[in-house]
Structures are given as structure tokens and as C-alpha cells.
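What follows is one structure encoded as C-alpha cells, with my remarks underneath.
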Amino acid sequence: QVQLVESGGELVQAGGSLRLSCVASGRTSAYDTMGWFRLAPGKQREFVAAITWSGGVTSHADSVKGRFTISRDNAKSTVYLQMNALKPEDTAVYYCAVRLLNGISTMMSMYDYWGQGTQVTVSS
């Protein structure tokens with residue numbers, strides 16, 4: 001079992017920044033891949049970014065490339081999502097997920113455990 005707890009979501013004005021955190025506990029390993037997904041009102045959950053736990057290889061969705069950056073601190077078992085130049089269309093619940101394999105995937109079905117989500121609201 002792996003437990004994931006997200007934090008950092010809040011209301012922010014367009015153009016602002018936020019940093020989301022996701023702390024992992026339980027059966028994690030150096031071979032896990034961590035990802036961020038988001039669910040906006042009226043839309044399907046979509047991939048945002050992912051990072052391999054050991055190699056530091058990253059991937060970002062085109063919609064956030066250049067604005068969002070995923071990173072990790074293995075010593076703290078924490079993954080971060082730095083979000084800059086936020087837009088109203090970034091408003092969503094952001095979910096952290098872990099894949100028990102070392103390899104980037106943008107598909108929700110490839111992830112094994114999920115957090116409860118943290119709400120990000122960007123006002124115009």
C-alpha cells in the first residue's frame with residue numbers, strides 16, 4: 001500500500017504562482033514514477049506532469065509546458081509541482097499518483113495509487 005497526501009492548493013489570481021506538494025508513504029521504492037493529474041469542472045481527468053523517482057526524467061503536458069515544473073526530493077519522499085503564470089483554465093482539483101514502475105506514462109490507468117486531491121482555483 002502507498003499513501004499519498006497532496007497540499008498547497010488554494011485560490012490565486014491569474015498570473016500568480018503556487019507550489020503543490022505530495023508526500024508519499026508506505027511501500028514506495030526507488031523504481032516508482034510519480035505523476036500529477038488534474039480534473040477540471042466538466043472535463044475528464046488529464047495528465048499534467050510526471051517524474052521518475054530515481055532518474056529524474058520528466059514529462060509535462062503541452063498545456064503546462066514552460067509554466068509548470070515537476071520535481072522531487074527523495075529524502076523527503078515528496079514530489080512537487082511548481083505552477084507559474086497560472087491561468088483561469090488551470091482551475092481544477094490536482095491529484096498526485098504513483099506508478100510502481102520506473103517509466104513515464106501519461107495514462108491514468110498506468111498509475112497504481114492516488115491521493116485525495118487538492119483544489120487549485122485561479123481567478124481572472
Side-chain angles (χ1 to χ4, degrees):
Q1 286 280 3
V2 176
Q3 293 78 43
L4 302 171
V5 179
E6 304 100 330
S7 62
E10 61 180 72
L11 173 64
V12 64
Q13 287 190 336
S17 298
L18 284 176
R19 189 176 79 159
L20 305 183
S21 300
C22 173
V23 180
S25 61
R27 212 211 80 185
T28 59
S29 79
Y31 300 99
D32 296 342
T33 297
M34 302 295 294
W36 286 97
F37 291 76
R38 65 186 182 184
L39 178 61
K43 296 186 177 181
Q44 293 186 334
R45 195 175 298 196
E46 64 175 0
F47 171 78
V48 176
I51 185 168
T52 55
W53 199 259
S54 58
V57 176
T58 64
S59 177
H60 297 79
D62 288 342
S63 59
V64 306
K65 206 168 288 184
R67 301 187 298 122
F68 292 9
T69 303
I70 191 170
S71 63
R72 83 274 191 260
D73 183 338
N74 291 348
K76 296 182 179 180
S77 297
T78 300
V79 175
Y80 303 99
L81 185 67
Q82 178 66 44
M83 305 187 295
N84 299 326
L86 282 160
K87 304 174 181 180
E89 51 263 44
D90 294 319
T91 295
V93 177
Y94 284 72
Y95 297 90
C96 176
V98 62
R99 182 183 189 215
L100 301 180
L101 285 173
N102 187 30
I104 298 289
S105 176
T106 63
M107 298 175 60
M108 287 175 49
S109 60
M110 293 292 105
Y111 289 80
D112 300 285
Y113 295 95
W114 293 79
Q116 294 299 307
T118 185
Q119 175 71 49
V120 172
T121 303
V122 184
S123 63
S124 56

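These figures come from a predicted structure and were not determined experimentally.
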Exercise. Between N102 and T52, what is the shortest heavy-atom contact and its length?
Worked result: OD1-CB, 3.2 Å
Problem set entry | Contact summary for R45 and M108, nearest pair of heavy atoms | CB-SD, 3.5 Å
Exercise. In Å and rounded to the nearest 0.5 Å, what is the CE to OG distance from M34 to S71?
Worked result: 11.5 Å
Exercise. Any donor-acceptor pair under 3.5 Å linking the side chain of T91 with the backbone of V122?
Worked result: yes
Seminar exercise, completed: OG of S63 to CG of D90, rounded to nearest 0.5 Å, is 7.5 Å
Problem set entry | Same apolar cluster: Y113 and W36, side chain cutoff 4.5 Å | yes
Exercise. Once you round to the nearest 0.5 Å, how far does CD1 of I51 lie from CD1 of I70?
Worked result: 5.5 Å
For this session: Rounded to the nearest 0.5 Å, what's the gap from OG1 on T58 to CD1 on I104? Could you check?
Result: 7.0 Å
Problem set entry | Same cluster (ILVMFWY, side-chain, under 4.5 Å), F47 and Y94 | no
Seminar exercise, completed: d(M107 CE, R99 CZ) to nearest 0.5 Å is 9.5 Å
Exercise. Which heavy atom of L39 sits nearest a heavy atom of Q44, and at what distance?
Worked result: CD1-C, 3.7 Å
Exercise. Just by modelled atom types, is the G66 backbone N or O under 3.5 Å from a matching donor or acceptor in the H60 side chain?
Worked result: no
Exercise. Which pair of non-hydrogen atoms, one from V120 and one from L20, has the smallest distance, and what is that distance?
Worked result: CG2-CD2, 4.0 Å
For this session: Dump the intermediate steps for side-chain contact (heavy atoms from CB on, under 4.5 Å) on L81 and V48, then the final yes or no.
Result: CA-CA 9 Å; L81 185 67; V48 176; 4.0 Å; yes
Problem set entry | Evaluation steps, side-chain contact (heavy atoms from CB on, under 4.5 Å), between T33 and V98 | CA-CA 6 Å; T33 297; V98 62; over 6 Å; no
For this session: Give the minimum heavy-atom separation between V79 and R72, together with the two atoms involved.
Result: CG2-CB, 4.1 Å
Problem set entry | Test side-chain hydrogen bond (donor to acceptor under 3.5 Å, both in side chains) applied to R19 - qualifying residues, sequence neighbours left out | none
For this session: Only pairs at least two apart or in different chains count here, so list each side-chain hydrogen bond (donor to acceptor under 3.5 Å, both in side chains) that has a residue in residues 78-88.
Result: S17-N84, Q82-N84
Can you give each donor-acceptor pair under 3.5 Å made by side-chain atoms of residues 4-15, sequence neighbours left out, with the distance rounded to 0.1 Å?
unit_1 : atom_1 : unit_2 : atom_2 : d
E6     : OE1    : Q116   : N      : 3.1
E6     : OE1    : G117   : N      : 2.9
E6     : OE2    : C96    : N      : 2.8
E6     : OE2    : G117   : N      : 3.2

Exercise. Looking at residues at least two apart in the chain, or sitting in another chain, which of them share a ring pair (Phe, Tyr, Trp, His ring centres under 6.0 Å) with Y111?
Worked result: F37
Problem set entry | Partners meeting side-chain hydrogen bond (donor to acceptor under 3.5 Å, both in side chains) with Y95 (sequence neighbours left out) | none
For this session: Would you name the heavy atoms of A92 and R38 that are closest together and state the gap between them?
Result: CB-CB, 3.8 Å
For this session: Please list, chain by chain and in numerical order, all residues satisfying side-chain hydrogen bond (donor to acceptor under 3.5 Å, both in side chains) with T106, sequence neighbours excluded.
Result: none
